[in-house]
Amino acid sequence: MSVDDYSDNPFALNSDDTAKLDAIEQALLDPSPRRIGRLDQWGLADTYEVYAEVAEYRRLSIAMADGTMIDASLSVPRNLAPGQTCPAILMPAPLNDLGHLAYLPMIPRWALGGYAVLAYSQRGLAKSKGEIHVAGPQDVADATEIVNALIQIEGIDPERIGCFGASYGAGTSLLAAANDLRIKAVVGTSAWTDLFASLYENGTRHLAAFEALVKLFKEERCSAEFKGIIQKIRGNIIDDEVRKFAGDRSPKNHLRAYNDSQVPILMTTAWHETIFSVPAVIDTFNDLTGPKSLLVQIGDHGNAELPGLLGLVSKPTEMAYRWMDHHLGGTAGDGAEPQFGIRSEYMHNLLSDLHHPDWESYALPKKRFHLADASVGQGDGQLTADKPQPGWTRSLKATGQDTEAVVAPKLIRSGLYERAGLPHVYKTADIDRGLAAIWTTAPLEQAMRVQGDLELRVTVTPRAMDATIVAYLMDCDPATGMANIITNAPFTVTNEQPGQATTVAFPLQPAHYVLRKGHRLQLIIDTHDQFYADANRAPSTVDLASPQGSESYLDIPLSTLE
């Protein structure tokens, strides 16, 4: 299989969406019949004609204390009665060349719900001046100054300020709310809560995602501090400076502030998120004590909310409107109350919609599968539930070569295909067993559900000093030999000497997946995935084993489908 090198911009809009955004901005700035009429081709003319009657839009620049000019746009209601006030939404931009203009199609919905909206591009992004700080302390200080500017606008209620952000804007929104008590409600779609865990999972750098983000930031626009961090991560220098840089930008480190203020927080993520750590988002959600909601959906980073950002309907944006209405008193939503707790979809049913009050009630009890050696005449091992299986060793060649098993053939876009009902199909029968070890269950006697956290234990012995392994759990159809990915995780062992055996137990990404009767669960472990940085010396050998007393196993939250 040819694996994409992740060099393309995964967030690039097509030409039609770009043209639509341009036409929307022109109609907002000049709501003349000619400008609004241009929106007829997308069926939007009526929407923006109504918008022009109830609100006014303009572009503006906001000067920060150090003189840096922040590019922004403002939508305010027309004809507020004397003394009448309205709630307001602050919208820091996602990471793309459009900056805050990416939110343009959402503005009519907010406006028709009675909200003012101030959207802006963080310093260094799009048309804002200054340098990229990656939602650092400077960006948090900027957000406070922008709130200062917002509440000076006539008619804005300073007690009803909310913050909505997608991706880069989600992190900025969460960090701003920890610092500024005037922000009374937060929504972060495709959110992050632990930047370090997103960069460095189980001792393994998420190098492909990191380089994709750096390319989007545009390295020449980054601050000297960030440029230094970029070089350290590329050079695998994960020191206290890198940890502090990431920690300063991690909302999880502000739990006390959130819990003291009880600010309502809604976050969304995806089961196959490749940019930010899903376990960290879940952990932060669990630790919040105020009003909270978590939505986990099919796909990858930014997939699920994309239609909503483009002015259509999506669960994340519909939930955002309800969330803000409930906490700020607007009417942008459908009038329904917001849902607290956990809301989720399962692979690959886009219409699924499950609700649980908390993660404890959501995650199923784990069932232990032991990794057993291959039966006589069989090439692959077995996943068996009966008893521990000690005494076997499997040797893998570390060549720096990908197998058929990869996290995602394409960043972001593989998730979009999943949401369209076209998940990537893996031909696991074609995997070179010299490069990967595989364990498979017997055919399932009935449909089953994987729901919650998973853990793998295995003993790793690199013939060189260090080793990276990547584990994938697949849903395999024995009738076709084809499989879909359920979840994955890497682990890097760092030893002081070659040939040292290390037993490691580590979590795989949480999952929610429904398996059909007759299918098999299939665990694949190999030594290379282009998505992750590889610590293996190529060529070399990595041994996997199950010694007595530290037998290998895979814990799966599994139950029959009700």
State, without any angle test, whether [X] and [Y] hold a side-chain donor-acceptor pair at a distance under 3.5 Å.
X: Asp287; Y: Thr284; answer: no
X: Ser15; Y: Thr18; answer: no
X: Asp300; Y: Thr274; answer: yes
X: Gln509; Y: Glu273; answer: no
X: Trp42; Y: Asp16; answer: yes
X: Tyr417; Y: Asn303; answer: no
X: Asp529; Y: Tyr472; answer: yes
X: Thr492; Y: Thr204; answer: yes

Who passes ring-ring contact (aromatic ring centres under 6.0 Å, His included) against [X], sequence neighbours left out?
X: Tyr513; value: His348
X: Tyr553; value: none
X: His301; value: Phe11, Phe276
X: Phe164; value: Tyr103

Output all residues satisfying salt bridge (Lys or Arg N to Asp or Glu O under 4.0 Å) with [X], sequence neighbours left out; order by chain, then residue number.
X: Arg368; answer: Asp555
X: Lys315; answer: Glu345
X: Asp194; answer: Lys252
X: Asp46; answer: none

Report yes or no: is the cationic atom of [X] (NZ for Lys, CZ for Arg) closer than 6.0 Å to the six-membered ring centre of [Y], at no more than 45° off its axis?
X: Arg449; Y: Tyr346; answer: yes
X: Arg256; Y: Tyr258; answer: no
X: Lys292; Y: Phe340; answer: no

Enter the distance from Leu112:CG to Thr331:OG1 here, rounded to the nearest 0.5 Å.
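It comes to 8.5 Å.
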
Got a sec, which residues hit side chain to side chain donor-acceptor pair (under 3.5 Å) with [X], two or more places apart in sequence or on another chain?
X: Ser173; value: none
X: Ser190; value: Glu305
X: Lys20; value: none
X: Thr85; value: none

Do the side chains of Leu294 and Arg343 get nearer than 4.5 Å, heavy atoms only?
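The answer is no, as the side chains (C-beta and beyond) never meet within the 4.5 Å cut-off.
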
Are any side-chain N or O atoms of Ser277 and backbone N or O atoms of Ala280, one a donor and one an acceptor, separated by less than 3.5 Å?
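It does hold such a pair.
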
